[in-house]
Amino acid sequence: MKNKILITLTIITMISQTTPAQETKTRIIHDPHSFADPAIASVKHLDLTLNVDFDKKILTGKASWDIDNRLLETIKEVRNTPPFISFDTRGLTITKVTLNVTELVAEWSLDEPVPFLGSRLKVNITPTTTRINIYYTTSAEADAVQWLSPEQTAGKVYPFLFTQSQAILARTWIPCQDSPGIRFTYNADVTVPKHLLALMSAQNPTVKNDQGKYHFIMSKPIPSYLMALAVGDIVFKPIGKRTGVYAEPVTVEKAAYEFFDMENMLLTAEKLYGPYVWDRYDVIVLPPSFPFGGMENPMLTFATPTILAGDRSLTSLVAHELAHSWSGNLVTNATWNDFWMNEGFTVYFERRIMEALYGKDFADMQAVQGREDLVQTIEELGKDSPDTKLKLALENRDPDDGMNDIAYEKGYSLLRLIENTIGREKFDAFLKQYFAEHSFQVITTEEFLVEFNAKIIQGDTSISNKINLNKWIYEPGLPDNSPVIISERFNKVDEKVKLFLSGTSPDSIDVKGFTTDEWIRFLSKLPAGMSESQMKKLDDVFHFTKSGNSEILGIWFERAITAKYTPAYGALEDFLIQVGRRKFLKPLYSEMAKTPDGMQMAKKIYSKARQNYHSVSRNTIDEILKMNEQ
Ligand code: BES
Ligand code: ZN
């Protein structure tokens, strides 16, 4: 019987915000990354009370979950006696569990932990149980949470905390049903030290209060991977009517300058694919250890400060996270195996926003760069690797292992191919309807295929053969029919790289008007075998080592490591100690790890830098440097 229970079935209840009268359909989806068994009971609302203790580095909480109790429907095939509801937890200490608003003492138990997934919390219920109250504390090592000392912040005076829940880390700070198919609304009361502001993926305060107590409301149902909390010396600056930025006081002006176009991005996005349903769209700029570029926490995108280039050149990241307000947060991948349904659609949407605002030549530079990254990722993984399929097989694995450029850029290529094949107008109409019809629901890759066949292909084999969706989705590598995108601006850059490589001095190469994307192209086209003197010539004229642009630094340092260009090493070390964004760390540490000397340098730097990184980045770099024993 135990085995039977272990088969996790996720029932997806389709909730419609706009038409509550709509019939709720129930589907069963297998989510290999959650212990939740919604055939018995699933959560629908959370009342969370949380106390943030910076000294002990723990969160103490009470999570009260209202549930949809399906015991009466399923009791005939009594699957376990006595029946219980299952939650995901990892590293949590559960101190007490009670039932209903009356808080009757509950019978509960915590299973042995399973790698990546953590421990299933079982709470016995009866057909009349409506609410489960879980009292708990997090461990100081909770993987979602990063506790920063004042020195690790921009202001250097107050501590800071942020969480990162995607993909399956929400369970390390909230006992929850941690599956993208289970949605819930939430209210939260969070207590933090005075002088600090708390923010969540919800309606947020804009100013601090004397009590350090903040109340949050998320009135739209969201999945657990979008639960988020940030606490620090944070201030707010509005940008437009519905948009604004949060950041530490020393960063907020720079952030507001950088993101001045956010309101336009929002309006542009709405024009493309329909109304923005989350009320406000704000961005918080976090300390540099944030492991991602951005995270689409509803109402409040979390972002790395490494996009503050000072010239607004890295803001496609904001377009990306904003686009997730439709693709991902409204229409959600059913399981992490369908991750491309979140990210591929979002990259496509992001580039449409950028094209509408800044022109096709601009968006196409990013599409071409994306393609180069894709080709490189496929090379690294191997063109036959199952991880290069759009539909992933992440069972029994940490989902994080399979989340790479494939979902983003192979996904984008497929959607661009569809656009080229059926025409933009038709595809836009399809997408607009897709977002409207699947709002607040999950989508599987297979459901997308069925819908696309019914609405677009309609038996026309000339279209289906031209696209060949099945090959794109279920086969590895990059299909031959992937669209070739040409960027005239990049072609001009390539000519300049050739000039340099054939001996022309950098100061007689005309780089006037180069944007960040063109510099990235320039640097990425430098061959691996650059000599130290070639590197020096470039650096003397273009001052890459001193660049304030993280994207330019990232590639430059990679080249510097390969060429053993030592004048850049000091800046490289500073960068690696400061910045915890995995996208930059991974290639730099990997490049160093290729030679014995480099490996030594990498380990030396990492011994200082590791404490500054979030667990997501630490795990990746531990693996590269094989320092797991730490
Ligand atoms: N949702 C992702 C970040 C993520 C993915 C977190 C998988 C955990 C697991 C976010 O929207 C994203 O894609 N961020 C990118 C930015 C981007 C512009 C492609 C990043 O962080 O680099
Ligand atoms: Zn994304």
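Throughout, residue positions are numbered sequentially from 1 according to the sequence presented. Below, all heavy atoms of this structure are taken into account, side chains as well, without hydrogens, waters or symmetry copies. One-based numbering, in listed order, for ligands and for the atoms of each.
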>> Hydrogens and angles aside, do D338 and T445 bring a side-chain donor and acceptor to less than 3.5 Å of each other?
In response: yes
> For residues R352 and Y273, is any side-chain donor paired with an opposing acceptor at under 3.5 Å?
Replying inline: yes
> Do you know which of L46, I174, L48 makes side-chain contact (heavy atoms from CB on, under 4.5 Å) with Y186?
Replying inline: L46
>> I need the contact residues for ligand 1: any residue with a non-hydrogen atom closer than 4.0 Å to the ligand, ordered by chain then number.
In response: Q164, Q166, F292, G293, G294, M295, E296, L317, H320, E321, H324, F339, E343, M403, Y408, R581
With [X] via ring pair (Phe, Tyr, Trp, His ring centres under 6.0 Å) - residues at least two apart:
X: Y281; result: none
X: W519; result: F514, F522, F542, F544
X: Y225; result: W336

> Can a cation-pi geometry be assigned to R581 and F292, taking NZ or CZ under 6.0 Å from the six-membered ring centre and within 45° of the ring axis?
Replying inline: no
>> Could you identify the N, O or S atom of H320 positioned closest to the Zn ion (ligand 2)?
In response: NE2
> Rounded to 10°, how many degrees is the angle NE2/H324-the Zn ion (ligand 2)-OE1/E343?
Replying inline: 100°
> Got an N, O or S from E296 under 2.8 Å of the Zn ion (ligand 2)?
Replying inline: no
